[in-house]
Number of protein chains: 2
Amino acid sequence: MMSREKTVNFFFEPKGIALIGASKNPLKGGQSILKNLMAGFKGKIYPVNPGHDEVNGLKSYPSILDVPDPVDFAIIFIPAEATVKAAKECAERGIPGVMVQSAGFAEVGGRGEVLQEELRAIGRKNGMRIWGPNCMGLVDPVKNHVFSFVSPAIWDEELVPGRVSFIVQSGMLSAGFLMDIMSHGTMGISKACSIGNKVDVDECDLLEYLIDDPDTGTVGLYLESMKNGKRFLDLCQRSRKPIVVLKGGKSEKGARAALSHTGSIAGDRAIISGALAQAGVVEAGDFMELMDLCRTLAQYPETSSSCGGRIAVLTYSGAAGIVSSDFLDQHGLVIADLSSKTKRALKNIFPEWMPVSNPVDLWPAIERNGPIPVWQKAFEAVCADPGVDAVFFHVFVGGLSKIPDISRMAAIAEDSGKPVFAWLLGKRNEAHCFGVQCRNLGIPVFREIGRAVECMAAVFR
Amino acid sequence: MMSREKTVNFFFEPKGIALIGASKNPLKGGQSILKNLMAGFKGKIYPVNPGHDEVNGLKSYPSILDVPDPVDFAIIFIPAEATVKAAKECAERGIPGVMVQSAGFAEVGGRGEVLQEELRAIGRKNGMRIWGPNCMGLVDPVKNHVFSFVSPAIWDEELVPGRVSFIVQSGMLSAGFLMDIMSHGTMGISKACSIGNKVDVDECDLLEYLIDDPDTGTVGLYLESMKNGKRFLDLCQRSRKPIVVLKGGKSEKGARAALSHTGSIAGDRAIISGALAQAGVVEAGDFMELMDLCRTLAQYPETSSSCGGRIAVLTYSGAAGIVSSDFLDQHGLVIADLSSKTKRALKNIFPEWMPVSNPVDLWPAIERNGPIPVWQKAFEAVCADPGVDAVFFHVFVGGLSKIPDISRMAAIAEDSGKPVFAWLLGKRNEAHCFGVQCRNLGIPVFREIGRAVECMAAVFR
């Protein structure tokens, strides 16, 4: 018997994949998985279906036992009852792992629990890793791997690669949610791993892989249970990458719902939060918040926490500056005292009557001198100020069109090594395009000031 | 001398408006105001400019003294120094009020403060109401009134009428922000009143008008100062409409920023929050939060708070159900215990293996029976359940297209008299269209579960 701690790397870097349950029916998941494999995966694809000689133009095999090398793992998408035999044959064939995407296991109770235990035993006995069951597998836009029955519509938006990887106990978060955030231009991702009932491969195995994965800058997790809390917290502590956790089922009612979702025992809110904080984990309460924290920390993973989080706020609205100040105060960040050099530089572009203070209201200067030079000069001044650790700027796009040259600003920020954050309002399509441009330039963009400052605070923790 | 408590109604229902500072220059605010007036206002418009005989095809008058009746008020948009003489002439002409949109008063200090005091004295002496200075006036999409130098681009999205009115100490919130929320389909509005330095007309005068305004269902305020706290709190207590306040400058740094923005003295966080809560006011911390609370309360202003806020959650994602439960618990709302009749109705559409619980995960039923009948039956069942006070449903739009018949659902909800709330994810354009459809059917839609539940809690307070 092989070690159960055997690496899970082969799921991420396979040379060949068998698909047990390949289907010709366009309404079936077995067809979606095949389409998704063929759309991006460059290795060997072996459909397994005793009823066909070919599926989607690929040779189909009657059994996994007939599949040639190389085959790193088999995706199994057949009725739960039939998965045990299939998994046994995979073990017999000497395949390192299976990814069981079928449902009908512990989450349905009764017979499903029995089947799940049988799967577990087969894996244990043969040292074969089992990912799932009741999961949506893996989506990896960097490698163009979609090992999942997610709708092939996910390719329509083009998979947006990024530096954030997710480990989630939720199909929604590895399917619809990804389509949402990619089509909205929110962020790109590296890997989304849906772990389902985690009969074997769990968040610890995947986290261990991801904290050494060069394509991953930050790991976000949605978890309903933590089976091996100690190992998980040890890994978080060891990780030099930021880790963000959304723990579902922290309330009593939530915990009860978690039990019926993935058969997970959820725990007490305060204990979990305390343990996570001690291990250096950032906690999120909601799905978009998880995404926002992850994409921000992926952009700025290594900001020295020795500085005080002194923020320069560049705005076009006095009110937005004030509300920003209130949020910065609430999150323990500081409105930077601008140096006299910075003040002189700003004074040069301000109307005479206007005193220079932080938050810096650029609107009167923009009205007088136009947006491009004012934004650039103000941005240069605050980025060069040794008393400023980060810049929070506000932009409105559309209608008035008094927008900055964002490429130039991104270059200034990059030269200074200081994190910058944007609060973006505007007309729907123009703001969307500007937001995507910011994302591509590495500037995190937010629609709410409070969320922007929360993410800023996570960077400066 | 007339009473200073004279009504401000004429600003909202004028028969004629003079524009002192009408300009032919398309880059000037005096041109924008005229364009905006001509685009929607059905009454008389009198440009005043001694340099022209006509502006935009309208007869122009050399002085306000030459303008014929009817003229309820004059919008003044000329350099600050010249406004005092203009205001004097308006008083001499017997005009009930002026709306001074020019800047350069108390917010710039020195000479500006003197000018502002001179304006105040003219108003006092003549019983003429003064709205402003340093403000963006009024935008009223119900009446198609834009009495503001906001960019005429605001008309491009068509002004979306709604039941929420705003009183704001911020130009941004009555200009760019409106374009943002209207183009994003977030909400429509009734009136946005930008009050600037409020030398005379203040939040109390406008609130007094709005709480009796038939077009206003909810009033939202962004305030940096409260000059007459007692009158304001009395009005809030008297109002039978929900009132939501975002108070800027609650932190020390924020208060300092407020001082330089509108010359306002902001106050202590805890005292303000306590007084507002006592007066039945809902407090917001951020701009979008203010909008979300207002649009929700405008939809459901009169929900009896005698019931317990027992919520049925209809979802397509176990994880979203769990996170919803956690938020409901956090906000003092309750996961409804479904009646046995409701459970039987759900059992009929569920796969056999699946137990019925709340949150109700509809996905397996949708996969088996299709989205339209499942959503409709589930919605009917929970809306008819006497143990359910409101429904929180989750929808994903795009790709899989397993979406409900939302018009039918809105009708079921309306028949039941129960508030419904939607959490909406999806591909950008499809989700946008669905969201606008929901808005038009009177269903508040949210992008974050936490915000949805916060707004739900405000309804059930």
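Heavy atoms only: backbone and side chains are in, while hydrogens, waters and symmetry mates are out. Order of the sequence lines fixes the chain letters, A, B, ..., with proteins taken first and strands second; residue numbering starts at 1 for each chain.
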Next item on the list: Write down the atom of B:G426, the atom of A:S183, and the distance for their closest heavy-atom approach.
Entry: O-OG, 3.7 Å
Check: For B:A320, is it the side chain, the backbone, both or neither that has a heavy atom under 4.5 Å from a heavy atom of chain A?
Finding: both
Item checked: Partner set under ring pair (Phe, Tyr, Trp, His ring centres under 6.0 Å) for B:F149, not counting sequence neighbours -> B:F77
Checklist line | Option in B:M172, B:R111, B:H184 with maximal non-hydrogen atom pairs under 4.5 Å from chain A | finding: B:H184
Item checked: Basic-acidic side-chain contact under 4.0 Å: B:K250, A:D329 -> no
Item checked: Per-residue contact mode, B:T315 against chain A (heavy atom under 4.5 angstrom) -> neither
Item checked: Between CZ on residue A:R428 and OG1 on residue B:T186, distance to nearest 0.5 Å -> 10.0 Å
Checklist line | B:K247 versus A:D326, closest heavy-atom pair with distance | finding: O-OD2, 3.9 Å
Item checked: Set of residues satisfying ring pair (Phe, Tyr, Trp, His ring centres under 6.0 Å) with respect to B:F392, sequence neighbours excluded -> B:H394
Check: So, for A:L425 and B:M288, which heavy atoms are closest and what is the spacing to 0.1 Å?
Finding: CD2-CE, 3.4 Å
Check: How far does CH2 of B:W423 sit from CG of A:D286, to the nearest 0.5 angstrom?
Finding: 7.5 Å
Note to self: Could you check whether A:E448 pairs with B:R451 (Lys NZ or Arg NE/NH1/NH2 to Asp/Glu carboxylate O, under 4.0 Å)?
What the structure shows: yes
Check: Rounded to the nearest 0.5 Å, how far does CG of B:N429 lie from CG of A:N429?
Finding: 7.0 Å
Check: Quick one: OG on A:S317 to CZ on B:F287, what's the gap to the nearest 0.5 Å?
Finding: 5.5 Å
Notebook entry, point to check: Minimum heavy-atom separation for B:E107 to A:W353, with atom names?
Noted result: O-CZ3, 4.3 Å
